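Since this is a predicted model, take the numbers as computed values, not measurements. Below, read A as the first sequence line, B as the second, and so on, with proteins coming before strands; counting in each chain starts at 1.
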Number of protein chains: 2
Amino acid sequence: MNDLSSKVETMKTIAHPARIAILEELTKGVKCVSDFQQFLEISQPNISQHLSALRHAGLIDFFVDGRLRCYFLKSPFVPDLLEVLQKEYKGDLPGPECCPVTKKGTYPGSRRH
Amino acid sequence: MNDLSSKVETMKTIAHPARIAILEELTKGVKCVSDFQQFLEISQPNISQHLSALRHAGLIDFFVDGRLRCYFLKSPFVPDLLEVLQKEYKGDLPGPECCPVTKKGTYPGSRRH
DNA sequence: CATTCATATGCAAATATTAGAATGCCTGCA
DNA sequence: TGCAGGCATTCTAATATTTGCATATGAATG
């Protein structure tokens, strides 16, 4: 649950516009499937599939209320990730100080001859 | 650069084991392509493809040193994301307090009849 | 118990992603 | 020049993902 491949699976699951939108909505509170239909322009079966994918990834869960399924956030990873995604970044990281060392030598220059 | 679709593209680009490994290595410093070959068990052209994808996503860049291409981190988003990915999460978020309100009514109960 | 509402599932087509093989392009050096 | 090292590009086959459509399920209602 904490190794690289499961991280990758989680990232893959989230890397989809509808699923990010679903998760962002769920950070605001519980929603059922028909609630999502009001702001997602995709079909109900498609919403169901995305919810199913998010649930199998362990990111969300639901409780049953009569004929409704009320979905809510389950994984604490999701709010943290969404926060980073919403953060505004201006500019780039500072470039590398010349000249860092790797296993093969120093850059630039030492490998040139 | 900050809308939903670009977030998705960035996530898709990163959601791959080789690419996460590359980015994690780059947080330690500059590396050239042959450096990556030493710890990634994939072919050189494949590494090149991944580096190209990361570069087109604006996450990394390189400078040329003779016949070497020295890659380094460019986007400040990457370290933040990797930090979240490396964080250990134990347990789930607290379940929803009964009963939150949506556009359609309160859960559970109000829709039942 | 038939119906309706809310949601899920199965299947197939369209599309996207990935890895590998072959090859091409620079750069530095003899 | 000619050659070799370091890296990129292109093409292709395999595989995975996504969606729409049709249909199934299951709880509440009458």
Side-chain angles (χ1 to χ4, degrees), chain A residues 5 8-22 25-26 30-38 40-57 60-72 102-113, chain B residues 4-5 8-22 26 30-38 40-57 60-72 102-113:
Chain A
S5 67
V8 170
E9 287 313 303
T10 303
M11 294 278 290
K12 276 187 177 181
T13 303
I14 297 180
H16 185 287
R19 301 212 268 256
I20 288 189
I22 286 171
E25 273 299 308
L26 286 182
V30 178
K31 293 273 182 302
C32 73
V33 180
S34 50
D35 289 329
F36 292 118
Q37 283 187 263
Q38 300 186 349
L40 291 179
E41 301 199 335
I42 57 181
S43 66
Q44 175 272 315
N46 201 357
I47 292 176
S48 251
Q49 284 175 333
H50 289 311
L51 288 170
S52 176
L54 291 169
R55 194 165 65 85
H56 283 107
I60 66 177
D61 204 352
F62 65 85
F63 61 84
V64 175
D65 166 32
R67 26 189 172 186
L68 303 181
R69 291 204 174 186
C70 307
Y71 283 88
F72 55 90
T102 73
K103 294 163 194 163
K104 281 192 168 180
T106 50
Y107 299 149
S110 73
R111 286 182 184 174
R112 278 190 177 150
H113 301 285
Chain B
L4 180 60
S5 67
V8 171
E9 288 313 304
T10 303
M11 293 279 290
K12 277 188 175 179
T13 303
I14 297 180
H16 186 288
R19 302 213 267 255
I20 287 187
I22 287 172
L26 286 182
V30 177
K31 293 272 181 301
C32 72
V33 180
S34 50
D35 290 330
F36 292 119
Q37 283 186 262
Q38 299 185 350
L40 291 178
E41 301 199 336
I42 58 181
S43 65
Q44 175 270 315
N46 200 356
I47 291 176
S48 252
Q49 280 182 324
H50 290 310
L51 288 171
S52 175
L54 291 169
R55 194 165 64 86
H56 283 108
I60 66 177
D61 205 351
F62 66 85
F63 61 84
V64 175
D65 167 30
R67 22 188 171 184
L68 303 181
R69 290 206 175 183
C70 306
Y71 283 87
F72 56 89
T102 74
K103 295 165 194 162
K104 280 194 168 178
T106 51
Y107 299 149
S110 75
R111 287 183 185 173
R112 275 187 177 151
H113 300 284

> For the atom pair CD1 (A:I22) and CG (A:D35), what is the distance rounded to the nearest 0.5 Å?
Replying inline: 12.0 Å
>> Measuring from atom CE of B:M11 to atom OG1 of A:T10, what distance do you get when rounded to the nearest 0.5 angstrom?
In response: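 It comes to 9.5 Å.
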Rounded interatomic separation in angstrom, taking [atom1] from [X] and [atom2] from [N]:
X     : N      : atom1 : atom2 : answer
A:I22 : C:dT7  : CD1   : P     : 12 Å
A:D65 : C:dA6  : CG    : P     : 12 Å
B:Y71 : D:dC7  : OH    : P     : 8 Å
B:L51 : D:dT9  : CG    : C1'   : 14 Å
B:L40 : C:dA19 : CG    : P     : 11 Å
B:D35 : D:dG5  : CG    : C1'   : 14 Å
B:F63 : D:dC7  : CZ    : P     : 12 Å
B:R55 : D:dC7  : CZ    : C1'   : 12 Å

>> Heavy-atom nearest nucleotide on DNA chain C for B:E9 versus A:Q37: which residue maps closer to 5'?
In response: A:Q37
>> Restricting to side chain to side chain contact (heavy atoms under 4.5 Å, CB included), what partner residues turn up for B:Q44, sequence neighbours left out?
In response: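 If we apply the side chain to side chain contact (heavy atoms under 4.5 Å, CB included) test to B:Q44, skipping adjacent residues, the hits are B:V33, B:Q37, B:S48.
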>> Test of understanding: with side chain to side chain contact (heavy atoms under 4.5 Å, CB included), list the residues that count as partners of B:P45, not counting sequence neighbours.
In response: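 B:P45 satisfies side chain to side chain contact (heavy atoms under 4.5 Å, CB included) with B:S43 once adjacent residues are dropped.
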>> My understanding is that only residues two or more places apart in sequence, or in another chain, count here; which of them pass ring pair (Phe, Tyr, Trp, His ring centres under 6.0 Å) with A:F72?
In response: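 So A:F72 forms no ring pair (Phe, Tyr, Trp, His ring centres under 6.0 Å) with any residue.
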>> From the set C:dT17, C:dT7, D:dA27, return the single nucleotide nearest to any side-chain atom of A:R67.
In response: D:dA27
>> Nearest to the A:S52 side chain among C:dT17, C:dT9, C:dT7, which nucleotide is it?
In response: C:dT9
> Does A:R69 put a side-chain nitrogen or oxygen below 4.0 Å from OP1 or OP2 of C:dA6?
Replying inline: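 No, because none of the side-chain N or O atoms of A:R69 sits under 4.0 Å from OP1 or OP2 of C:dA6.
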>> OP1 or OP2 of D:dC7 versus the side-chain N and O atoms of B:S34: is any pair under 4.0 Å?
In response: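 For D:dC7, OP1 or OP2 has a side-chain N or O of B:S34 closer than 4.0 Å.
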>> Test of understanding: with side chain to side chain donor-acceptor pair (under 3.5 Å), list the residues that count as partners of A:H50, not counting sequence neighbours.
In response: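 For A:H50, the residues satisfying side chain to side chain donor-acceptor pair (under 3.5 Å) (neighbours in sequence not counted) are A:R19, A:N46.
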>> Taking the side chain as everything from C-beta on, heavy atoms only, tell me whether A:F62 gets closer than 4.5 Å to A:L51.
In response: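 A:F62 vs A:L51: side chains apart.
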Contacts under 3.5 Å, N or O only, protein and nucleotides 19-22 of chain D:
{"residue": "D:dT19", "atom": "OP1", "partner": "A:H16", "partner atom": "NE2", "Å": "3.3"}
{"residue": "D:dT19", "atom": "OP2", "partner": "A:H16", "partner atom": "NE2", "Å": "3.4"}
{"residue": "D:dT19", "atom": "OP2", "partner": "A:N46", "partner atom": "OD1", "Å": "3.4"}
{"residue": "D:dT19", "atom": "OP2", "partner": "A:H50", "partner atom": "NE2", "Å": "2.8"}
{"residue": "D:dT19", "atom": "O5'", "partner": "A:N46", "partner atom": "ND2", "Å": "3.4"}
{"residue": "D:dG20", "atom": "OP2", "partner": "A:N46", "partner atom": "ND2", "Å": "3.4"}
{"residue": "D:dG20", "atom": "O6", "partner": "A:Q49", "partner atom": "NE2", "Å": "3.3"}

